[in-house]
Colleague: 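Questions regarding the structure given below will be posed in turn.
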Amino acid sequence: MVLPSVTRSPVASGEIVFIVVFTPAKRQLASYFMKLSQLIGQRLKEAPRDAQTISHIFLIRGGYCRPVSTGLFSLLPLGTRITAKIAAIIREEMDRIGGQEIKMPVVLPAELWQESGRYDKVGAELLRFKDRNEKPMLLGMTHEEAVVQIARTEITSYKQLPAMLYQVQTKYRDEARPRAGLIRVREFTMKDAYSFHTSQESLEEHYEQEHEAYTRIFKRIGLKNCISILSDSGMIGGAVSHEFMAIADCGEDTIFVSPDGSYKANREIATSKLTYVKEEPKQLQEVHTPNCKTIDELATFLGIDHSQTCKAVFYKGQDGTLVFTCIRGDLEINEAKLKKIIKSPELEFANDAMIEDAGAVPGFASLLNIKPSDKIKIVIDHSAAQSSNLVVGANKLDYHCLNFNYARDVGDDAKANIVVDDIATVREGDPCPVTGEPLKMLKGIEVGNIFQLGTKYSEPMGCKYLDADGKSKTMIMGCYGIGVARSMAAVVEQCHDDYGPIWPITIAPYHVHIVGLNHNQPQVQEACQKLYDDLMADGIEVIYDDRGEKAGFAFADADLIGVPFRITISSKTLANNQVEFKRRDQGKDFTVVALESIKDYVKQAIAADLKTLNEC
RNA sequence: CGGGGCGUGGCUCAGUCUGGCUAGAGCGCUGCGUUCGGGACGCAGAGGCCGGAGGUUCAAAUCCUCUCGCCCCGACCA
């Protein structure tokens, strides 16, 4: 069998050229497996009904992968080759910044996760089970605990730091809703890296290296549009994290970017520089608003814009406390921001009874006459606190109040218990917080992320080293992930035409696709076989369509396999000692090339494409 | 976990409303022949207990009940 390997050319004058190749270990065997007649993985004329997104459709139709169950896929030979190449590029870049590859188990004992406290914190996406001895076990969804266990025993001195360990390993997350083929699955291969440091400065320095390595990786695997954005750092205050987003319509994440690219953020944390109407406060005035329970009904009834109203939204926090929020009527609460502010990972809408307990009237609620209490957390968005003369609920059935002004109408004692912060969801067109230009909204597939963890795991798990001053200190950590098959799917989303994927040379399952037409004729077979052998001998990866199918059939399959360069050999061209050369990314145009020079011709084309993608 | 849709050869689907011949078509697959430059054609084949269980009926892919699975939208997502 052919195994992937990585060759690296000698470093000359600072310029490094990486070439990922599949070295044919045994020529005879290798040639057998690279004939299309023997390739396992049917190309399908029609997409299975399940497949909706481009990458899902083409990866199934092209015979790259097959569904096994919800969110579970087998990779067939083509998909396996591509993901192996992606992984090889990732390994090169990890090694380049000092990474050391390891392999940790997929199955882990629950006790390890109890040490970090995550066993109880993480919900149903963690698959828990018991072994034959009734010992609680789990399937690793990420490996912080496992790697800390290694670090705390193997790294004992500051002299060993900083250090970075990584693996390319299976992860399992019992996702509530897998979707879009390989983009969101339950079991997947992930490159996960972990770094260990003696200081925040060291972590930040390495974090920057990871950022650069990721940028190179995604460029090298051929993503055309992949950006790093600020992301939600979850419950860890102050921690920095970035997500690498492959821009694609089917992406699950919503991203806001400023036109000049200076600001890029996930919707979960995106902010904007909204301006608020400031005018002289007018007198508070009660108004009869029968059955106006929603902002829409209220605005219509009063004949005003949504932005002149203020809405109250009630949640139930993790510990059962009522979370009372206010925001300008035209804006939406961003629950990710709110969770962070009130430090509650869980949030659900409160029921009417809870709202009434707080002294508010559902549908007509506001801050008016609300008494501060330990049981209520009140968070007010800047838009509600700073706008003048808003229409708010009167906390009285069928009544609202005109001209509410937070500064004037809420008592100081109440204000002492109110948090005023940004809890608004950014909308497309809102002013960028940096430049003030209208923000653009994009959809992205999260192909990688990098995270400054700090001591979240090292502290509770006692991951310490002995410092130069002779004192035991806790390591500072970072973690860095890349979804391998998800990256493959993201490439398809960005690199395809109507007929199939257009693989970048760096990750293409093969470099060259030879099609033999009139294949029953001996001279065609001989020419194909000779070119095939010659290219293979030079380390070029070739798939050879030896099936003798009709042209249209063969070409359609070639398009689905998406190999960057196609060479067509037929009795017609052979009569003039010529072959046809075609780039996958250039429609149906082809070049006629002399048979004796095709080998050099295609090798140059491969080298040029490799250079373009690998130079960074 | 809420809402919606779908389960019939490997794939796409018809048949279900209105129960009744031996369960069909196209693609794919096997054999033979004719074709041969963007998914050809003829002939002959292989392959399905209609997701599963129970029920109604002389008779169930079709009607009823219960289940299981899959897809989409939402909630969720270290």
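A, B, ... follow the sequence lines: proteins, then strands. Residue 1 opens every chain. Because the structure is predicted, anything quoted here is derived from the model rather than measured.
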Colleague: Rounded to the nearest angstrom, tell me the gap between atom CD in Q52(A) and atom C1' in C72(B).
Modeller: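 The distance from CD of Q52(A) to C1' of C72(B) comes to 6 Å, rounded to the nearest Å.
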
Colleague: The side chain of N449(A) is closest to which nucleotide in this list: G38(B), G37(B), A78(B)?
Modeller: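 Nucleotide nearest to N449(A)'s side chain: A78(B).
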
Colleague: Looking at C58(B), which nucleotide sits across from it as a Watson-Crick or G-U wobble partner, both distances under 3.5 angstrom, or is there none?
Modeller: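 G20(B) - that is the nucleotide pairing with C58(B), both distances being under 3.5 Å.
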
Colleague: Respond yes when some side-chain nitrogen or oxygen of S69(A) is under 4.0 Å from OP1 or OP2 of C70(B), and no when none is.
Modeller: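 Yes, such a contact exists.
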
Colleague: Using the side-chain heavy atoms of R177(A), tell me which of these nucleotides is nearest: C72(B), C36(B), C11(B).
Modeller: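 It is C72(B).
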
Colleague: G38(B) base to R566(A) side chain: any donor-acceptor pair below 3.5 Å?
Modeller: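 By the distance-only test, yes, there is a pair.
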
Colleague: Could you work out which one of G26(B), G38(B), A78(B) sits closest to the side chain of M190(A)?
Modeller: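 From the listed options, A78(B) comes nearest.
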
Colleague: Mind listing the side-chain donor-acceptor pairs of residues 477-489 of chain A below 3.5 Å, one per line with the distance, residues two or more places apart or on another chain?
Modeller:
{"unit_1": "Y480(A)", "atom_1": "OH", "unit_2": "S195(A)", "atom_2": "OG", "d": "2.7"}
{"unit_1": "R486(A)", "atom_1": "NE", "unit_2": "I183(A)", "atom_2": "O", "d": "2.7"}
{"unit_1": "R486(A)", "atom_1": "NH1", "unit_2": "E446(A)", "atom_2": "O", "d": "2.7"}
{"unit_1": "R486(A)", "atom_1": "NH2", "unit_2": "I183(A)", "atom_2": "O", "d": "3.0"}
{"unit_1": "S487(A)", "atom_1": "OG", "unit_2": "G483(A)", "atom_2": "O", "d": "2.6"}

Colleague: If C49(B) has a Watson-Crick or G-U wobble mate with both distances under 3.5 Å, name it; if not, just say none.
Modeller: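 The answer is none; no pair meets the criterion.
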
Colleague: Of the nucleotides G38(B), A40(B), G37(B), which one has an atom closest to the side chain of S570(A)?
Modeller: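 When the side chain of S570(A) is considered, G37(B) is the closest of G38(B), A40(B), G37(B).
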
Colleague: Whether R179(A) contacts C71(B) is assessed here as follows: a side-chain N or O lying under 4.0 Å from the phosphate OP1 or OP2. Is that the case?
Modeller: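 Checking R179(A) against C71(B): no side-chain N or O falls below 4.0 Å of OP1 or OP2.
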
Colleague: Using both distances under 3.5 Å as the test, list the Watson-Crick or G-U wobble partner of G74(B), or none.
Modeller: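 Paired with G74(B), as far as the under-3.5 Å criterion goes, is C1(B).
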
Colleague: Which listed nucleotide (G39(B), U12(B), A78(B)) is nearest to the side chain of A556(A)?
Modeller: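 Of the options given, the side chain of A556(A) lies nearest G39(B).
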
Colleague: Could you work out which one of C29(B), C11(B), C76(B) sits closest to the side chain of E335(A)?
Modeller: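 Of the options given, the side chain of E335(A) lies nearest C76(B).
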
Colleague: Can the positive tip of R566(A) be found less than 6.0 Å from the middle of the six-membered ring of F555(A), inside 45° of the ring normal?
Modeller: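 Satisfied, under 6.0 Å and within 45°.
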
Colleague: Calculate the interatomic distance between I482(A) atom CD1 and A78(B) atom C1'; express it in whole Å.
Modeller: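 Going from I482(A) (CD1) to A78(B) (C1'), I get 17 Å.
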
Colleague: What nucleic acid atoms does A180(A) come within less than 4.0 Å of, heavy atoms only: base, sugar-phosphate, or nothing?
Modeller: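 The residue A180(A) makes sugar-phosphate contact but no base contact.
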
Colleague: Name the one of R91(A), Q167(A), K191(A) that satisfies side-chain hydrogen bond (donor to acceptor under 3.5 Å, both in side chains) with E101(A)?
Modeller: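 It is R91(A); the other options fail the test.
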
Colleague: Categorize A554(A) for me: base, sugar-phosphate, or nothing, with a 4.0 angstrom heavy-atom threshold over every strand shown.
Modeller: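 Since no nucleic acid heavy atom lies under 4.0 Å of A554(A), the category is nothing.
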
Colleague: Counting only Watson-Crick pairs (N1-N3 plus N6-O4 or O6-N4) and G-U wobbles (N1-O2, O6-N3), all under 3.5 Å, who is the partner of C43(B)?
Modeller: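 G31(B) is the nucleotide pairing with C43(B).
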
Colleague: Given that both distances must come in under 3.5 Å, which nucleotide forms a Watson-Crick or G-U wobble pair with C6(B)?
Modeller: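 When the pairing criteria are applied, G69(B) turns out to be the nucleotide that pairs with C6(B).
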
Colleague: Please report the distance, rounded to the nearest Å, between CZ in R43(A) and P in U12(B).
Modeller: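 In whole Å, U12(B) P lies 17 Å from R43(A) CZ.
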
Colleague: Can you sort out the partners of L230(A) under side chain to side chain contact (heavy atoms under 4.5 Å, CB included), two or more places apart, ordered by chain and number?
Modeller: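 In terms of side chain to side chain contact (heavy atoms under 4.5 Å, CB included), with neighbours along the sequence ignored, L230(A) is linked to H242(A), A265(A), I269(A).
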
Colleague: If you pin E268(A) and F73(A) to their nearest nucleotides in RNA chain B, which one's is more 5'?
Modeller: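 Closest to the 5' end, via its nearest nucleotide, is F73(A).
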
Colleague: How are the rings of F73(A) and H56(A) set to each other: parallel, tilted or perpendicular (split at 30° and 60°)?
Modeller: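 Ring orientation of F73(A) relative to H56(A): perpendicular.
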
Colleague: Between the base of G37(B) and the side chain of N518(A), is there a donor and acceptor pair under 3.5 angstrom?
Modeller: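 No such pair is found, so the answer is no.
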
Colleague: Please give, in whole Å, the distance from A40(B) C1' to F555(A) CZ?
Modeller: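 Between C1' of A40(B) and CZ of F555(A): 15 Å.
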
Colleague: C11(B) C1' sits how many Å from R66(A) CZ, rounded?
Modeller: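 It is 9 Å, rounded to the nearest whole Å.
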
Colleague: Return the 5'-most residue of the pair S571(A), E125(A) with respect to RNA chain B, ranking by each residue's nearest nucleotide.
Modeller: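 The residue whose closest nucleotide sits nearer the 5' end is S571(A).
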
Colleague: Given atom CZ of R128(A) and atom C1' of A78(B), what is their separation to the nearest angstrom?
Modeller: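 R128(A) atom CZ is separated from A78(B) atom C1' by 13 Å.
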
Colleague: Check the angle between the aromatic planes of F244(A) and Y214(A) and answer parallel, tilted or perpendicular using the 30° and 60° thresholds.
Modeller: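 Judged by the thresholds at 30° and 60°, the geometry between F244(A) and Y214(A) is tilted.
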
Colleague: When you compare C68(B) with A53(B), how far apart are their P atoms, in angstrom units rounded to a whole number?
Modeller: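 One P to the other, the span is 15 Å.
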
Colleague: Measure from the side chain of E46(A), starting at C-beta and using heavy atoms only, and say which of G7(B), C11(B), A78(B) lies closest.
Modeller: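 Out of G7(B), C11(B), A78(B), the nucleotide with an atom closest to E46(A)'s side chain is C11(B).
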
Colleague: Given atom CD1 of I40(A) and atom P of G10(B), what is their separation to the nearest angstrom?
Modeller: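 In whole Å, G10(B) P lies 17 Å from I40(A) CD1.
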
Colleague: Testing the 3.5 Å rule here: is there a donor-acceptor pair between the side chains of E204(A) and Q200(A)?
Modeller: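 Per modelled atom types, E204(A) and Q200(A) side chains form a pair under 3.5 Å.
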
Colleague: Report yes if a side-chain nitrogen or oxygen of T70(A) is closer than 4.0 Å to either non-bridging phosphate oxygen (OP1 or OP2) of G69(B); otherwise report no.
Modeller: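 So the side chain of T70(A) is outside the cut-off, no N or O lying under 4.0 Å from OP1 or OP2 of G69(B).
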
Colleague: The side chain of A551(A) lies closest to which of these nucleotides: G26(B), A78(B), G37(B)?
Modeller: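 Among the listed nucleotides, the one closest to the side chain of A551(A) is G37(B).
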
Colleague: Any idea which of G37(B), C73(B), U12(B) is nearest the R49(A) side chain?
Modeller: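 Selected nucleotide (nearest to the side chain): U12(B).
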
Colleague: Could you work out which one of C71(B), G69(B), A78(B) sits closest to the side chain of D50(A)?
Modeller: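 From the listed options, C71(B) comes nearest.
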
